[in-house]
A.B. asks: 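Dropping a structure here in structure tokens format, bear with me for questions.
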2 protein chains.
Amino acid sequence: MNANNPAGGAALRIGELAAATGVSTSALRFYEKHGLLGKAARAGNGYRQYPPEAVERVGLIRLAQRLGFSLEQVHSILGRPGEPLDHEQILAGLQARLGEIEQMQATLAAQHSGLTCMLGKLQAQWQLSSCLPLARLLDGETAAEPPTAQRKASAR
Amino acid sequence: MNANNPAGGAALRIGELAAATGVSTSALRFYEKHGLLGKAARAGNGYRQYPPEAVERVGLIRLAQRLGFSLEQVHSILGRPGEPLDHEQILAGLQARLGEIEQMQATLAAQHSGLTCMLGKLQAQWQLSSCLPLARLLDGETAAEPPTAQRKASAR
DNA sequence: GCTAAGCTTGAAGTGCTGTTTAAGGTCAAG
DNA sequence: CTTGACCTTAAACAGCACTTCAAGCTTAGC
């Protein structure tokens, strides 16, 4: 059918939006269910009718994912779909993510230097146990509990 | 009971090893089940009898975790507990981990510059959509599929 | 009119890692 | 006798982003 919507553009069915964005239909429904995408209008048959802007919205979601945001974070900084977008909120979200990244970079840098140091020691003398004190080095960088997984460095 | 073991040292029960290493008893059993810790000898009552060296072994496991190794990786580089420790294998494992770290650092650096760039654009003019092209920047750094989570930067 | 593709829903399953918890039983010390 | 540490196996949890399934409607093409 491809009816026209109030804005005048051609409405997209979920499959078309999926094709246009490279996101699966199930993922799109998932986004909608979790408030990332906004509830699409429905045609008489119950099919979702996406306005053309939805393509951009999905693009933003994917961009945010590539920048390492979790969907929950995307949700909180992008806000309700269709709403004006809160500039303050977005800036704050971006900066918060920058902070996370820097934190992870610090962790990785500590691990990197720890490993490098360890390699040096091992090449000098073969005592793995002599590397145990490295633990302290890492503790200094991060914190002091049992090794809990921190956060992913999501890719692409 | 605290019987003596063949090596002459005092044997540790699981709770004692847990206390000595800061690892829970359940985690220790988990390590054993997954071949990280080696099956402890058993006292007449079925209790595990850990030799004192086990403390160091667990320390190494925890150190490796802090360096970001998964338990599976720890298993493959540390090898069978009680065995001589394959130097080549360990060096290779450390270097492989260094490679992973560098990969993650590259991803994070790309995300960081992407975000910074985005912040700049947004402060100049408020068009979020003008940031969509950043996706390409990130694609260049990492690869070309849908945003799949990469790996954690485990901490401490 | 039939079939295949596309749409609907909600619930459940997937994959990965590292534990933790539960349930039911044994053992040793006070 | 009671308590606490230990034993076993199996299952649950937690976080994340989806995917798959089941069951049933719609629609387009032939």
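A note on names: the letters A, B, ... follow the listed sequences, proteins ahead of strands, and every chain is numbered from 1.
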A.B. asks: Are the side chains of H34(A) and H75(A) in contact, using a 4.5 Å heavy-atom criterion?
C.D. replies: no
A.B. asks: Could you state the CZ-C1' distance from F69(A) to dG15(D), rounded to the nearest angstrom?
C.D. replies: 19 Å
A.B. asks: Nearest whole Å is fine: how far is dG18(C) C1' from H75(B) NE2?
C.D. replies: 15 Å
A.B. asks: How many whole angstroms separate atom CD1 of I61(A) from atom C1' of dC16(D)?
C.D. replies: 16 Å
A.B. asks: Grab the N/O contacts between the protein and nucleotides 3-8 of chain D below 3.5 Å, and write none if there aren't any.
C.D. replies:
from, atom 1, to, atom 2, distance (Å)
dA5(D), N3, Y47(B), OH, 3.3
dC6(D), OP1, G15(B), N, 2.8
dC7(D), OP1, R48(B), N, 2.8
dC7(D), OP1, R48(B), NH1, 2.9
dC7(D), OP2, R29(B), NE, 3.2
dC7(D), OP2, R29(B), NH2, 3.1
dC7(D), OP2, R48(B), NH1, 3.3
dC7(D), O3', R42(B), NH1, 3.3
dT8(D), OP1, R42(B), NH1, 3.0
dT8(D), OP1, R42(B), NH2, 2.7
dT8(D), OP2, R48(B), NH1, 2.8
dT8(D), OP2, R48(B), NH2, 2.7

A.B. asks: Would you indicate whether the side-chain heavy atoms of R29(A) and I14(A) approach each other to under 4.5 Å?
C.D. replies: yes
A.B. asks: Could you give me the stems involving DNA chain C, meaning stretches of three or more consecutive Watson-Crick or G-U wobble pairs whose two defining distances are both below 3.5 Å?
C.D. replies: C:1-30 with D:1-30
A.B. asks: How do S24(B) and E72(B) order along DNA chain C: which one's closest nucleotide is nearer the 5' end?
C.D. replies: E72(B)
A.B. asks: Indicate whether the side chain of Q73(A) and that of E100(A) have a donor and an acceptor atom separated by less than 3.5 Å.
C.D. replies: yes
A.B. asks: Would you say that more than 12 heavy atoms from the other residues, nucleotides or ligands in this model lie under 6.0 Å from the CD of E88(A), or not?
C.D. replies: no
A.B. asks: Quick one: OG1 on T107(A) to CD on Q105(B), what's the gap to the nearest 0.5 Å?
C.D. replies: 10.5 Å
A.B. asks: Let me know the distance between NZ of K33(A) and P of dC16(D), rounded to the nearest Å.
C.D. replies: 16 Å
A.B. asks: In this structure, which one of D86(A), I61(A), L36(A) forms a side-chain contact (heavy atoms from CB on, under 4.5 Å) with L78(A)?
C.D. replies: I61(A)
A.B. asks: Whole-Å distance between dT14(C) C1' and F30(A) CZ?
C.D. replies: 13 Å
A.B. asks: What is the distance, rounded to the nearest whole Å, between atom NE2 of H34(B) and atom P of dT20(C)?
C.D. replies: 13 Å
A.B. asks: Are Q65(A) and dC18(D) close enough that a side-chain N or O sits under 4.0 Å from OP1 or OP2?
C.D. replies: yes
A.B. asks: Check whether any side-chain heavy atom of R97(A) sits under 4.5 Å from a side-chain heavy atom of F69(A), and report yes or no.
C.D. replies: yes
A.B. asks: For G44(A) and A27(A), find the nucleotide of DNA chain D closest to each by heavy atoms; which residue's nucleotide sits nearer the 5' end?
C.D. replies: A27(A)
A.B. asks: At less than 4.0 Å, is any side-chain N or O atom of S70(B) found next to OP1 or OP2 of dC16(C)? Yes or no.
C.D. replies: no
A.B. asks: Do L67(B) and I101(B) come close enough that some side-chain heavy atom pair is under 4.5 Å?
C.D. replies: no
A.B. asks: Could you tell me whether the phosphate oxygens of dT21(C), OP1 or OP2, come under 4.0 Å of any side-chain nitrogen or oxygen in S26(B)?
C.D. replies: no
A.B. asks: Nearest 0.5 angstrom please: L85(B) CG to R57(B) CZ, how far?
C.D. replies: 6.5 Å
